[in-house]
2 protein chains.
Amino acid sequence: MNFSSSEENYIKSIYHLQQSCELVNTNAVAATMHTRAASVTDMLKKLKRKKILQYERYKGFKLNEQGKKHALGIIRKHRLWEYFLVEKLGFAWDKIHPIAEELEHICSDELITKLNDYLGNPAFDPHGDPIPDQHGRIPNRKQLSLNILPLKQTVKVSAVGNQSTQMLEMLKHYHIGIGTQLSVTKRFSFDGSLEIKVLKFPNCIISASVAKNIFVHHDK
Amino acid sequence: MNFSSSEENYIKSIYHLQQSCELVNTNAVAATMHTRAASVTDMLKKLKRKKILQYERYKGFKLNEQGKKHALGIIRKHRLWEYFLVEKLGFAWDKIHPIAEELEHICSDELITKLNDYLGNPAFDPHGDPIPDQHGRIPNRKQLSLNILPLKQTVKVSAVGNQSTQMLEMLKHYHIGIGTQLSVTKRFSFDGSLEIKVLKFPNCIISASVAKNIFVHHDK
DNA sequence: AAATAAATTTAGACAAATCTAAAAAATATA
DNA sequence: TATATTTTTTAGATTTGTCTAAATTTATTT
């Protein structure tokens, strides 16, 4: 099946959104894609017709296996090109996204195979995001517990060890969720508690036992 | 000024056609682009509005200086990518054209500057065609068509005039590519066909119409 | 020069992707 | 529960790039 650049952008956006919630909603896609809800609805009908989306009107939607597979293909291309732009052409990592957005729609499987070989089959892109392999398998990252993270390194929350209501409630209060960017600004050796800085929020203190349950990884 | 991929394809087509005739005509563009004359007319109006084309209805048309400059920019991108595909990714030179057709529309000047540096500022692409520099200057190489080459002079193939799949397939069969060393051993005046000797291969016969499309140069 | 042929343009239609404004459905609130 | 709000969808318009078929202009032939 062939997809236009526009369709591919929607597929990618839906894929990313459904990583953090069971069903995706129209406004969320419209917001991330800087388009309007009506345009999203139009595209949903098209993607449903192409059988890569589970969708019933007013009920939310998500990619099916076919759709996820295609999304991973696009993400693979995007991240391989980002790797190329930084490692081979010498771009700064914060300049590459819009160029990779264009390159990811070039449709030649052989091109991607050869590019991947040429780059040495890299597992992570310059933002630290994993590059899916040709079958859509995603390498998983060395993640570490927040209580052993060195000071001042900016990291992203990748998982939470304890998912009790109490823990989740507290994390919500601290504005911490999967993907939240944060860094440790101080470590108190008295009790192992940490002062942390969550992006856009004032510093706060968390206990060692909470920190032990927050897993993070480097980069974006 | 920004141009869509479609507009760029027309610009490129018109540029190539006006290399061999003063004014370009609608049907010629339609034929090379596999589209219809009416579509060409529509686009001519648009390109005239964008002030890169001299055009009066029923009278033929050609790119003005602005238009030629833009055409050379697209050709530069196309040929740099072709060089990349062959020299870095290891593609066969007869497989790269459709991929470069897509890559040439990626619009980042910095990307092309960095790609050019990375490739070592090459002057000719893998088909032997000159790569315009960032100001649109085209490097020249004294080359001549094989059908007027004197007998027994050893030369190198520098370009191929007709890049159709059929032509490229035939050249492959004869073991002829860019850089191939060869000489003309006989010329039959009956039909203008030639016997040629390709380095390391047995002599073979090619027709005048094929020879006309093979351009060669002396030494390196 | 008139008739014929070829090239070019216009008129009108269509598909893709988007939009605005209004209607409909779902959700939240008083 | 009735009302208000938010979310989602529909209806209809717009832009870009394309097409066919018919009309127009130019070129070619008798």
Side-chain angles (χ1 to χ4, degrees), chain A residues 1-14 17-18 20-63 67 70-71 74 101-102 104-107, chain B residues 1-14 17-18 20-63 67 70-71 74 101-102 104-107:
Chain A
M1 179 95 63
N2 263 1
F3 296 95
S4 69
S5 291
S6 186
E7 288 170 329
E8 289 195 335
N9 286 333
Y10 279 95
I11 291 168
K12 205 173 37 144
S13 165
I14 295 167
L17 288 167
Q18 77 184 35
S20 50
C21 55
E22 181 55 28
L23 281 176
V24 184
N25 56 306
T26 308
N27 272 350
V29 174
T32 60
M33 295 190 66
H34 308 104
T35 180
R36 299 314 177 101
S39 309
V40 177
T41 303
D42 289 343
M43 186 55 83
L44 292 176
K45 289 178 193 163
K46 213 158 63 140
L47 296 180
K48 188 184 182 178
R49 238 183 296 129
K50 290 197 169 190
K51 294 187 199 302
I52 59 161
L53 195 75
Q54 284 172 41
Y55 166 54
E56 260 187 285
R57 45 191 227 136
Y58 295 107
K59 297 283 166 66
F61 46 90
K62 63 178 178 181
L63 296 172
H70 196 81
I74 304 162
E101 288 283 283
E102 293 190 64
E104 74 189 6
H105 302 297
I106 307 284
C107 55
Chain B
M1 179 93 64
N2 263 2
F3 295 96
S4 68
S5 291
S6 187
E7 288 169 330
E8 288 195 337
N9 287 332
Y10 279 95
I11 293 168
K12 207 174 35 144
S13 165
I14 295 167
L17 288 166
Q18 77 185 34
S20 50
C21 55
E22 181 54 27
L23 282 177
V24 183
N25 57 307
T26 308
N27 271 351
V29 174
T32 59
M33 295 191 64
H34 307 102
T35 182
R36 300 313 178 102
S39 309
V40 177
T41 303
D42 290 342
M43 186 55 83
L44 292 176
K45 289 178 192 163
K46 210 156 68 137
L47 296 180
K48 187 182 185 180
R49 239 182 297 129
K50 290 197 168 188
K51 297 187 197 303
I52 59 161
L53 195 74
Q54 285 172 39
Y55 166 54
E56 262 187 285
R57 43 194 225 134
Y58 296 107
K59 296 285 164 65
F61 47 89
K62 63 178 179 182
L63 296 173
H70 196 81
I74 304 163
E101 287 284 283
E102 293 190 63
E104 75 190 4
H105 302 297
I106 307 283
C107 53

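Chain letters run A, B, ... following the sequence lines, proteins first, then strands; residues in each count from 1.
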Checklist entry - Tell me, do A:L53 and A:K62 make a side-chain contact under 4.5 Å, heavy atoms counted? => result no
Checklist outcome for this item: Here the distance between atom C1' of C:dA25 and atom CD of A:E56, to the nearest Å, is 14 Å
Next on the checklist: Please evaluate residues A:Y10 and A:V29 with respect to the criterion side-chain contact (heavy atoms from CB on, under 4.5 Å), reporting the C-alpha separation (whole Å), side-chain torsions for both, the decisive distance (0.1 Å), and the verdict.
Outcome noted: CA-CA 8 Å; A:Y10 279 95; A:V29 174; 3.9 Å; yes
Item to check | A:L47 and A:M43, any side-chain heavy atoms less than 4.5 Å apart | outcome: yes
Checklist entry - Please give, in whole Å, the distance from C:dT9 P to B:N25 CG? => result 10 Å
Item to check | Verdict with reasoning, B:I14 to B:L44, per side-chain contact (heavy atoms from CB on, under 4.5 Å) | outcome: CA-CA 10 Å; B:I14 295 167; B:L44 292 176; 4.2 Å; yes
Checklist entry - Tell me: CG of B:L44 to P of D:dT18, nearest whole Å? => result 12 Å
Next on the checklist: In whole Å, I'd like the distance from the NZ atom of A:K50 to the C1' atom of C:dA16.
Outcome noted: 11 Å
Checklist entry - How about B:N9 and B:E104: do any of their side-chain heavy atoms sit closer than 4.5 Å? => result yes
Checklist entry - Does B:L23 reach the side chain of B:K59, with side-chain heavy atoms less than 4.5 Å apart? => result no
Checklist entry - Can you check whether B:S6 has a side-chain N or O nearer than 4.0 Å to OP1 or OP2 of D:dT18? => result yes
Could you write out each protein N or O paired with an N or O of nucleotides 24-26 of chain D at a distance under 3.5 Å?
unit_1: D:dT24; atom_1: O2; unit_2: B:Y58; atom_2: OH; d: 3.4

Checklist entry - OP1 or OP2 of C:dT10 less than 4.0 angstrom from a side-chain nitrogen or oxygen of B:K45, does that happen here? => result yes
Item to check | Ionic contact status for B:E7 with B:K12, cut-off 4.0 Å | outcome: no
Next on the checklist: Is the phosphate of D:dT6 approached by A:N27 (side-chain N or O, under 4.0 Å from OP1 or OP2)?
Outcome noted: no
Next on the checklist: Check the orientation of B:H70 and B:F3. Use parallel for under 30°, tilted for 30 to 60°, and perpendicular for over 60°.
Outcome noted: tilted
Item to check | Separation of C:dC19 P from A:M43 CE (nearest whole Å) | outcome: 11 Å
Checklist entry - How would you label the contact of B:F61 with the nucleic acid (heavy atoms, under 4.0 Å): base, sugar-phosphate, or nothing? => result nothing
Checklist entry - So, is A:Y10 close to the C:dT18 phosphate, meaning a side-chain N or O under 4.0 Å from OP1 or OP2? => result yes
Checklist entry - Looking across every strand, which nucleic acid part, if any, lies under 4.0 Å from B:D42 by heavy atom: base, sugar-phosphate, or nothing? => result base
Next on the checklist: Expected output is a numbered-order residue list: members of residues 30-40 of chain B with a heavy atom under 4.0 Å from any atom of DNA chain C. What is it?
Outcome noted: B:A37, B:A38
Checklist entry - Between A:T26 and D:dT9, is there a side-chain N or O to OP1/OP2 distance below 4.0 Å? => result yes
Next on the checklist: Please evaluate residues A:T41 and A:Y55 with respect to the criterion side-chain contact (heavy atoms from CB on, under 4.5 Å), reporting the C-alpha separation (whole Å), side-chain torsions for both, the decisive distance (0.1 Å), and the verdict.
Outcome noted: CA-CA 10 Å; A:T41 303; A:Y55 166 54; 4.0 Å; yes
Item to check | Atom pair distance, as rounded to whole Å: CG in B:N9 and C1' in D:dT18 | outcome: 14 Å
